[in-house]
Asker: 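My questions will all concern the structure given below.
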2 protein chains.
Amino acid sequence: MPTETAPRAFGEKGRRDTRQRRALRDHLAATDAFTSAQQVYDDLRASGDRVGLATVYRTLQAMADAGEVDTLRTDDGETLFRKCGPRHHHHLVCRSCGVTIEIDGPSVERWASKAADDHGFSDVTHVVELFGLCPACTKAAG
Amino acid sequence: MPTETAPRAFGEKGRRDTRQRRALRDHLAATDAFTSAQQVYDDLRASGDRVGLATVYRTLQAMADAGEVDTLRTDDGETLFRKCGPRHHHHLVCRSCGVTIEIDGPSVERWASKAADDHGFSDVTHVVELFGLCPACTKAAG
DNA sequence: CCCATAATGAGAACGATTACCAATCGCTGT
DNA sequence: ACAGCGATTGGTAATCGTTCTCATTATGGG
């Protein structure tokens, strides 16, 4: 019986430490904005890293499953990714530049929990995201 | 200059009262669950209404723009639609059967507004949805 | 150093949604 | 009732993000 091989840098899915995964991890660590897989792919190529699109999608998905990145769906169906902290939190996202601030909200958690109870729902999760214009983009927009 | 033709049953996009739109409106009025366009299409055919898929998508989209239906994206990228009340509200959705309850949350609105102010964000909107198992599905799941 | 096998990547496949565009049909004026 | 205009429809092709396939490559334990 396999005695649970030592957990590595990435989550369950990412066993081996490849050049591609290092590049992806480094790239994500370098920005605070939510970014699409396509965008990450372009950025990596632009910086000289040779990584396949499929690998970008696969790795990003694995990291999301492992809770290392947060995901967000845009109105036009794209999935955006971003490195994230370990605690439960929500996001305040600039809809212009993508810059994101992690925020928490105990009151929201309580409200959600109560609403669920009031209606007899069980196993409840919630999606709470705020979108707006960050200070810089607000200024730029006049 | 056209003096703004009388506003009809549907929103800005839906001018004429066609058989297809009536069928769609009736169908939506008959259920409380969030449903996909494909599902609506299948349901309509099953009930004998002959409506093209493109028309279902177009009309649903128009109704969403007009604020007559709410939309929701599933994790696998499908857009779900549901009739909705006129006031601002959120949803408590059963992730098993789709049954939905409209809920409001003044505290959430306040929290969102404050978080935005604290970080200097402007023009802020929010997405708040709760997912769980409704009483019936909770029971069914054992 | 070797090898089993996890990982990669180019391109095909996919699924939801939208675009096209010729044929229809609702509406308004007559 | 009727005609005409133009909104609407719908079959299908096209889009677009994402996933799958599978032959090839490369990681890391032994």
Side-chain angles (χ1 to χ4, degrees), chain A residues 2-25 27 34-45 48-66 68-69 71-81 98, chain B residues 1-25 27 34-45 48-66 69 71-81 98:
Chain A
T3 50
E4 178 98 7
T5 47
R8 294 214 154 275
F10 281 92
E12 307 155 38
K13 293 285 184 58
R15 233 78 57 97
R16 296 183 179 175
D17 190 18
T18 67
R19 170 178 61 75
Q20 292 87 336
R21 289 177 186 179
R22 272 191 298 275
L24 253 163
R25 187 168 29 182
H27 182 269
F34 268 97
T35 327
S36 71
Q38 297 276 357
Q39 185 62 59
V40 169
Y41 173 72
D42 290 342
D43 290 348
L44 288 177
R45 310 214 111 203
D49 290 303
R50 190 143 303 275
V51 181
L53 182 58
T55 298
V56 172
Y57 272 103
R58 255 187 316 238
T59 306
L60 246 22
Q61 187 57 60
M63 293 178 79
D65 290 346
E68 295 172 29
V69 301
T71 62
L72 211 55
R73 317 277 299 204
T74 64
D75 286 333
D76 55 311
E78 259 188 340
T79 299
L80 305 183
F81 303 83
Chain B
M1 48 232 64
T3 50
E4 177 96 9
T5 46
R8 294 211 154 276
F10 282 94
E12 307 155 36
K13 294 285 184 58
R15 232 78 57 94
R16 295 184 178 174
D17 191 19
T18 67
R19 169 179 62 75
Q20 293 86 336
R21 289 177 186 178
R22 272 191 298 275
L24 253 163
R25 185 167 31 182
H27 182 269
F34 268 97
T35 328
S36 70
Q38 297 276 359
Q39 184 62 58
V40 169
Y41 173 72
D42 290 342
D43 290 348
L44 288 177
R45 310 214 112 203
D49 291 302
R50 191 143 301 276
V51 181
L53 183 58
T55 299
V56 172
Y57 272 103
R58 252 187 319 239
T59 306
L60 247 21
Q61 186 57 60
M63 293 178 79
D65 290 346
V69 301
T71 62
L72 210 56
R73 317 277 298 204
T74 63
D75 286 333
D76 55 311
E78 260 188 338
T79 299
L80 305 183
F81 302 83

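What you are looking at is a predicted structure, and each value in this text was computed from that prediction instead of being measured. Values below: every heavy atom of this structure, side chains too, minus hydrogens, waters and symmetry copies. Sequence lines set the chain letters: A, B, ... in the order given, protein chains first and strands last, and positions in each chain run from 1.
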Asker: Could you measure the distance from the CZ atom of A:Arg58 to the CG atom of A:Leu24? Nearest 0.5 Å is fine.
Answerer: 11.5 Å

Asker: Tell me the interatomic distance from B:Asp17, atom CG, to C:dT24, atom C1', rounded to whole angstroms.
Answerer: 16 Å

Asker: Please write out each protein N/O paired with an N/O of nucleotides 2-4 of chain C under 3.5 Å, distance rounded to 0.1 Å.
Answerer:
none

Asker: Please give the angle, rounded to 10 degrees, between the axes at the start and the end of the helix from C:dC1-D:dG30 to C:dT30-D:dA1, where five pairs define each axis.
Answerer: 40°

Asker: Using atom CG of B:Leu60 as one end and atom C1' of D:dT9 as the other, report the distance to the nearest whole Å.
Answerer: 15 Å

Asker: Identify the residue among B:Leu80, B:Thr71, B:Val69 that makes a side chain to side chain contact (heavy atoms under 4.5 Å, CB included) with B:Phe34.
Answerer: B:Leu80

Asker: Dump the intermediate steps for side-chain contact (heavy atoms from CB on, under 4.5 Å) on A:Arg25 and A:Asp17, then the final yes or no.
Answerer: CA-CA 11 Å; A:Arg25 187 168 29 182; A:Asp17 190 18; 3.3 Å; yes

Asker: What residues, two or more places apart in sequence or in another chain, satisfy side chain to side chain donor-acceptor pair (under 3.5 Å) together with A:Asp75?
Answerer: none

Asker: If the condition is side chain to side chain donor-acceptor pair (under 3.5 Å), which residues does A:Thr79 pass it with, not counting sequence neighbours?
Answerer: A:Arg73

Asker: To the nearest Å, give me how far apart CG (A:Asp65) and C1' (D:dT19) are.
Answerer: 14 Å

Asker: Between B:Thr18 and D:dA7, does any side-chain N or O lie under 4.0 Å from OP1 or OP2?
Answerer: no

Asker: Take B:His27 and B:Asp43 through the test side-chain contact (heavy atoms from CB on, under 4.5 Å) and record every step on the way to the result.
Answerer: CA-CA 8 Å; B:His27 182 269; B:Asp43 290 348; 3.2 Å; yes

Asker: One character per nucleotide, please: for nucleotides 9-19 of chain C, 5' to 3', B when the base has a protein heavy atom closer than 4.0 Å, S when only the sugar-phosphate does, - otherwise.
Answerer: BB-----SBBB

Asker: With sequence neighbours excluded, what pairs up with B:Leu53 under the side chain to side chain contact (heavy atoms under 4.5 Å, CB included) test?
Answerer: B:Gln38, B:Tyr41, B:Tyr57

Asker: Can you tell me the distance, in whole Å, between the CD atom of A:Gln39 and the P atom of D:dC16?
Answerer: 16 Å

Asker: Kindly give the heavy-atom pair with the smallest separation between A:Arg15 and A:Arg21, and that separation in Å.
Answerer: N-NH1, 3.3 Å

Asker: Minimum heavy-atom separation for A:Arg50 and A:Gln20, please, with both atom names.
Answerer: O-CG, 4.3 Å

Asker: Measure across B:Leu44 and B:Ala23 and return the closest heavy-atom pair with its distance rounded to 0.1 Å.
Answerer: CD2-O, 3.9 Å

Asker: Distance from A:Thr55 atom OG1 to A:Leu60 atom CG, nearest 0.5 Å?
Answerer: 11.0 Å

